[in-house]
Amino acid sequence: MIKLLLFAKLRDQAGKQEINVDIEGKSVKELKRVLKESYSFDELDSIMVAINEEFVNDEEIIRKGDVVALIPPVSGG
Amino acid sequence: MIKLLLFAKLRDQAGKQEINVDIEGKSVKELKRVLKESYSFDELDSIMVAINEEFVNDEEIIRKGDVVALIPPVSGG
Amino acid sequence: MNRYSRQTLFSPIGIDGQEKIRKKHVLIVGMGALGSAIAETLTRAGVGKLTIIDRDYVEESNLQRQLLYSERDAQERVPKAEAAKKRLNEINQDVDVGSIVGEADAQLLESVAPDMDLIMDGTDNFETRFIMNDIAHKFRIPWIFGSCVGSFGSAFTIIPGETPCLQCLMKKLPMNGQTCDTVGIIAPTVQMVTAYQTAEALKILSENNNALRNTYVTFDLWQNQTLSIKADATKNPDCYTCGHHPTYPNLHYEVATKTAVLCGRNTVQIRPSGCSNISIEGLTIQWRKAGYEVSGNPYLVSVLKGDYRMVLFKDGRALIHGTNDVAMAKKVYHSLIG
Amino acid sequence: MNRYSRQTLFSPIGIDGQEKIRKKHVLIVGMGALGSAIAETLTRAGVGKLTIIDRDYVEESNLQRQLLYSERDAQERVPKAEAAKKRLNEINQDVDVGSIVGEADAQLLESVAPDMDLIMDGTDNFETRFIMNDIAHKFRIPWIFGSCVGSFGSAFTIIPGETPCLQCLMKKLPMNGQTCDTVGIIAPTVQMVTAYQTAEALKILSENNNALRNTYVTFDLWQNQTLSIKADATKNPDCYTCGHHPTYPNLHYEVATKTAVLCGRNTVQIRPSGCSNISIEGLTIQWRKAGYEVSGNPYLVSVLKGDYRMVLFKDGRALIHGTNDVAMAKKVYHSLIG
């Protein structure tokens, strides 16, 4: 299982700060698909994904022990 | 070797953010003695010591892999 | 001991750094919560010139988090750029403050940018930020992104030719409805974002670029979390803004958000560019949660905000009913969508 | 949408939380950089009552980082508590602001504390903080520590009966000369400390204590570091302040710092309590680095600060030459020692 840290809107939608997802060895793109289906997160295209405190692209493969953070841009100011 | 993170005045005195000290298996008290002798840090009594992001007392033993942070209280405001 | 003695005593700045700060000209785009706090800090720090831009006037609901403004400014509906300038002059008359009451569109920003040493993000919408991003790269000026809602905020320093740009980071214009009008904001969140932004600003202005953060910082003050994220891998060599062959798409009319007053209907139409990213369902949930009256069908959603009604179509086009004023219409649009 | 709409839209506060905030009374001790920023935030947030204490007046060198104050306040040397109250009233007249121009000693704090729901640390010295720590525990009032110099700052929320107290954390009164007068300060450091402090304050005032941080947070904004440190292990069951048999040592005359005007000599003597922790060598290095004129011998050190000369003896006793005013003498003393 991979630990996902959720921020802002995603946290409200999931009702928690962290979720565990069985996504080892899969890509970030695949993760987004799973999240859309299982958690009905929307606008996943504009969410920034960090693995171990480093932003990655959709092609990146998620490995055992990785901590994935999902960060939605917010516009306020 | 144990990694020490330095803050505020200590950083200026040592001229760097981090130093490595051979202090495995020794106590925090012993660490303070070594620092006083080798780096001429003063007022070590009022410096707060955290091991792995947790404050500890002088009796605590420092173990392999620990990261030690030395935090001097500052009074400004 | 003089006015800046505590800042020159800080050894990475010193007397030399203070002199450098005094010679710099900074542009602040947007004088809401972030912009007003940034302006106050840089004015107190003794920057040479400050140019501030805002299209809006002070309202009662701003006072909870926006520095510089008083109850009287809200009662008299003083334009923010003017109210801010007045207070900044009381704080430090040595700082030359230029205020522009107007829309920070591509044309205005292109006209003022060439003079600037640094651009600070005080805006509340990504449409303007994407324009700022292009402007900063076209004129090779550092700019410091900041944004926040609720207890959640982010900051990132963008140096043309070095760091990834906003386009690299976000790929598409985010329009997810996470605004202060939909999920609220607490003042400490603003302070923390501006602390990150102004610390980076002082490094750039005092020419200590080697001390820059180099990470995207994001935090949640209510949940007690802070992340500092490396962003290098997102830098896209083919990026239209910061890549090898830039076209600065957000500065071109065909990409810009279009507005049109619909004559005789007391309505303004707003049409964002093709690369937007809207989910009517997501926005509807968000607006309902925030207490707005919302109705709709699979093709459009209608939401009531004060005296205005916004009808948003699936393709991103919006009609703002109740005004002929483009600036007011855009304000309503950005406050609901981002 | 009303004045606090953006704060009530933030769901952990909401309408109920806002009503709770409106009923609370907060004491801010010290109206320098931290105190003025905290006061502005809590006033904008709509707290019911605010009592602010400061012994000092506004000076030019404050303006670089202290909110609320203008050039005019410095020119007229207005007491900080009065200058702050005037500006806070302009910002939000619904907040009942009480100002006290005076020394926040044990006697004064004991007289005002019983009414308070929360005490905020806006002071610049540990002598006062140790008194606040005792007061907070004696009356079981939460208090929020904050301090900073340079680009380095810390904050910690102390809840009597739950968390360790300042005495548990620091053991001895720190007197290491790390002050804004010796190593300087940049404004973003202040903003970040107060962002941490006021976020915690809003949790307590809106009765969301379950969201409290529970760690000692410390950061360096120039070095781009943040640490969040668990402090539970420092809680001492025998602590004289927060332990099983408290004596509140800092509230007793025999422990308090003593001052005496030396008649006919235009000098004030300051004698700290026995538990102080002074290194003349360390302080000398620090003062020289900050550019002060310093001379001395193995038994004492003499340092010139503006119109005053301080002579500090090895046992911690100090003579401040050039004044008969105890408040002024203490100000000089704390600005150099901490």
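Numbered from 1 within each chain, the chains take letters A, B, ... in sequence-line order. Not measured: the values here are computed from a predicted model.
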Novice: Please identify, among D/Glu281, D/His334, D/Gln66, D/Gln286, the residue contributing the most non-hydrogen atom pairs under 4.5 Å to chain B.
Specialist: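 Between D/Glu281, D/His334, D/Gln66, D/Gln286, the count favours D/Gln286.
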Novice: Considering only heavy atoms and a distance below 4.5 Å, find which of D/Gly35, D/Gly153, D/Ser228, D/Ala231 pairs most often with chain B.
Specialist: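 So the answer, after comparing D/Gly35, D/Gly153, D/Ser228, D/Ala231, is D/Ser228.
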Novice: So, for B/Phe7 and D/Phe152, is the gap between ring centers shorter than 6.0 Å?
Specialist: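 When the ring centroids of B/Phe7 and D/Phe152 are compared, they turn out to be within the sub-6.0 Å range.
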Novice: Using a cut-off of under 4.5 Å on heavy-atom pairs, state which of D/Met170, D/Arg65, D/Gln225 scores highest against chain B.
Specialist: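 The option with the most such pairs is D/Gln225.
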Novice: Just so I understand: if I count every heavy-atom pair under 4.5 Å between each of D/Ser154, D/Cys148, D/Gly338 and chain B, which residue has the most?
Specialist: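 Greatest number of close heavy-atom pairs with chain B: D/Cys148.
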Novice: Quick check: does any side chain N or O of D/Asp121 sit under 3.5 Å from a backbone N or O of D/Thr123, one acting as donor and the other as acceptor?
Specialist: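 Yes; judged by distance alone, with no hydrogens or angles, the pair exists.
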Novice: Please say whether the positively charged group of D/Lys331, taken as NZ for Lys or CZ for Arg, lies over the ring of D/Tyr57, i.e. under 6.0 angstrom from the six-membered ring centre and within 45 degrees of the axis.
Specialist: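 Here D/Lys331 passes the 6.0 Å and 45° test against D/Tyr57.
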Novice: Tell me, with the steps shown, if B/Lys29 and B/Glu60 meet salt bridge (Lys or Arg N to Asp or Glu O under 4.0 Å).
Specialist: CA-CA 8 Å; B/Lys29 190 175 185 149; B/Glu60 193 76 18; over 6 Å; no
Novice: Within the supplied structure, the quantity of interest is the number of heavy atoms (other residues, nucleotides, ligands) at a distance under 6.0 Å from D/Lys230 NZ; does it exceed 12?
Specialist: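 Not buried by this count: 12 neighbours or fewer within 6.0 Å.
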Novice: Under 4.5 Å from any heavy atom of chain B, what part of D/Arg129 do you find: side chain, backbone, both or neither?
Specialist: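 When you check distances to chain B, only side chain atoms of D/Arg129 fall under 4.5 Å.
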Novice: Which one wins on heavy-atom pair count under 4.5 Å against chain B: D/Val183, D/Leu169, D/Val190, D/Thr182?
Specialist: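 Highest number of pairs under 4.5 Å: D/Leu169.
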Novice: If you round to the nearest 0.5 Å, how far is CG of D/Asp238 from CG of D/Asn236?
Specialist: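 Output value for this atom pair is 5.0 Å.
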Novice: Under 4.5 Å heavy-atom distance to chain B, tell me which part of D/Thr218 shows up: side chain, backbone, both or neither.
Specialist: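 Interface part for D/Thr218: side chain.
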Novice: Does a donor on one side chain sit under 3.5 Å from an acceptor on the other, for D/Thr157 and D/Glu200?
Specialist: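 On atom types as modelled, these side chains qualify, holding a pair under 3.5 Å.
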Novice: At a heavy-atom separation under 4.5 Å, does D/Ile185 approach chain B through its side chain, its backbone, both, or neither?
Specialist: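 Looking at D/Ile185, nothing touches chain B.
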Novice: Side chain, backbone, both or neither: which part of D/Val149 has an atom under 4.5 Å from a heavy atom of chain B?
Specialist: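 Both backbone and side chain of D/Val149 come within 4.5 Å of chain B.
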Novice: Between chain D and each of B/Gln17, B/Lys9, B/Gln13, count heavy-atom pairs under 4.5 Å; write down the option with the most.
Specialist: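 Heavy-atom pairs under 4.5 Å are most numerous for B/Lys9.
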